[in-house]
Amino acid sequence: GDCSQSCRIPLAKSSADPETESGRLLARQLGEEGLLAAFVGLLLGGLASYLVSGLLAEPLAARLDKLVRALTRARKGELDSRVDDPTGDEIAAVGEAFNWLMDSLGEQLEEATGEQRQFRGLVEEMREGVVLVDNLARLVYYNPAAARLLGLEGASVLGRVFAYVVQQCQLADALRRALELGTSTE
């Protein structure tokens with residue numbers, strides 16, 4: 001036969017066909033029941049989502065709160081602050097990074113403290129006077145030999161401008177030149 005023309009074959013109408021009376025009644029019933037089923041489904045789905053999110057959000061919030069408390073303690077200088085979170089997820093990874101950072105800071109602080117003690121031990125025993133000033137020529141440290149040589153009296157002079165403390169023009173001028181050049185003077 002000729003395939004170039006489409007053939008129309010009449011089909012029998014079913015009861016689900018909206019063009020028949022029974023089809024319209026069935027569509028109306030399915031429409032009302034379907035609408036009710038969809039509403040109940042949405043309501044149950046929303047309730048389930050609310051319950052599941054509440055169950056998940058509470059532990060998540062508690063874990064984040066633990067992390068924030070540890071950060072707050074660290075900010076106050078408590079370098080032994082740690083976060084223990086064995087879950088292995090992203091929040092636990094942040095906790096592990098925080099713990100590594102606290103360990104690293106603790107080691108660096110311990111090293112710096114040791115170096116400072118060593119420096120002070122050496123400088124305190126020197127016969128030569130050692131004076132440290134900041135970039136504004138304020139006195140931040142002096143050893144006992146400098147106190148004897150310059151007649152400095154106690155810690156009340158710390159933070160004051162060196163030239164006003166020592167009242168020795170040649171020494172103050174030497175310090176001013178050293179600060180301008182960025183070198184030390186002897």
Side-chain angles (χ1 to χ4, degrees), residues 46 48-186:
S49 293
Y50 175 75
L51 291 175
V52 168
S53 67
L55 292 173
L56 294 176
E58 188 174 323
L60 182 63
R63 291 171 57 212
L64 288 173
D65 186 54
K66 247 170 64 172
L67 185 59
V68 168
R69 284 194 314 261
L71 286 165
T72 302
R73 287 191 310 273
R75 184 179 51 158
K76 293 178 181 177
E78 297 177 32
L79 297 183
D80 60 342
S81 180
R82 296 291 179 274
V83 177
D84 183 30
D85 191 342
T87 60
D89 63 2
E90 290 83 1
I91 295 174
V94 171
E96 288 175 19
F98 172 79
N99 292 343
W100 177 86
L101 179 63
M102 291 296 97
D103 290 341
S104 179
L105 284 174
E107 291 168 7
Q108 290 175 10
L109 181 63
E110 191 175 303
E111 185 178 320
T113 302
E115 289 172 0
Q116 183 182 25
R117 263 189 250 123
Q118 187 178 17
F119 167 77
R120 283 196 182 267
L122 290 172
V123 173
E124 297 285 322
E125 298 301 320
M126 291 176 66
R127 291 185 304 166
E128 294 82 15
V130 175
V131 175
L132 297 177
V133 296
D134 63 12
N135 60 343
L136 299 175
R138 293 179 301 209
L139 191 59
V140 294
Y141 172 81
Y142 57 91
N143 70 349
R148 282 190 308 277
L149 292 169
L150 301 172
L152 304 177
E153 297 178 29
S156 64
V157 296
L158 292 178
R160 294 181 52 202
V161 176
F162 181 75
Y164 297 128
V165 171
V166 296
Q167 297 181 355
Q168 295 180 15
C169 291
Q170 288 178 329
L171 192 54
D173 284 341
L175 176 63
R176 182 185 49 75
R177 285 191 306 276
L179 287 171
E180 288 172 358
L181 296 173
T183 61
S184 64
T185 62
E186 295 184 23

Peer 1: Between atom CG of Asp65 and atom CG of Leu60, what is the distance when rounded to the nearest 0.5 Å?
Peer 2: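 It is 11.0 Å, given to the nearest 0.5 Å.
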
Peer 1: Applying side-chain hydrogen bond (donor to acceptor under 3.5 Å, both in side chains) as the test, list every pair that has at least one member in residues 89-98; sequence neighbours left out.
Peer 2: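 Every side-chain hydrogen bond (donor to acceptor under 3.5 Å, both in side chains) pair that includes a residue of residues 89-98, provided the two are not neighbours, is Arg63-Asp89, Thr87-Asp89.
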
Peer 1: Report the C-alpha distance between Asn99 and Met102 in whole Å, list the side-chain angles of each, state the deciding distance to 0.1 Å, and finish with yes or no for side-chain contact (heavy atoms from CB on, under 4.5 Å).
Peer 2: CA-CA 5 Å; Asn99 292 343; Met102 291 296 97; 5.6 Å; no

Peer 1: Hey, does the side chain of Ser104 reach the backbone of Trp100 with a donor-acceptor pair shorter than 3.5 angstrom?
Peer 2: no

Peer 1: Work out which heavy atom in Gly88 is nearest to a heavy atom in Ala92; give both atom names and the distance.
Peer 2: N-CB, 3.5 Å

Peer 1: Do Phe162 and Leu150 make a side-chain contact, defined as non-hydrogen atoms from C-beta onward lying under 4.5 Å apart?
Peer 2: yes

Peer 1: Taking only distance into account, with no hydrogens and no angle test, what donor-acceptor pairs under 3.5 Å do side-chain atoms of residues 108-136 form with protein atoms, sequence neighbours excluded?
Peer 2:
from   : atom 1 : to     : atom 2 : distance (Å)
Thr113 : OG1    : Leu109 : O      : 2.7
Glu124 : OE2    : Tyr141 : OH     : 2.5
Asp134 : OD1    : Leu136 : N      : 3.0
Asp134 : OD1    : Ala137 : N      : 3.2
Asp134 : OD1    : Arg138 : N      : 2.8
Asp134 : OD2    : Arg138 : NE     : 2.7
Asp134 : OD2    : Arg138 : NH2    : 2.7

Peer 1: Could you note down all residue pairs passing salt bridge (charged side-chain N to carboxylate O under 4.0 Å, His left out) where residues 158-169 supplies at least one of them, sequence neighbours left out?
Peer 2: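 Found none.
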
Peer 1: Please list every donor-acceptor pair under 3.5 Å in which a side-chain atom of residues 73-84 meets a protein atom from a residue at least two apart or in another chain.
Peer 2:
from  : atom 1 : to     : atom 2 : distance (Å)
Arg73 : NE     : Ser81  : OG     : 3.4
Arg73 : NH2    : Ser81  : OG     : 3.2
Ser81 : OG     : Ala70  : O      : 3.0
Arg82 : NE     : Asp103 : OD1    : 3.1
Arg82 : NH1    : Leu79  : O      : 2.8
Arg82 : NH2    : Asp103 : OD1    : 2.4

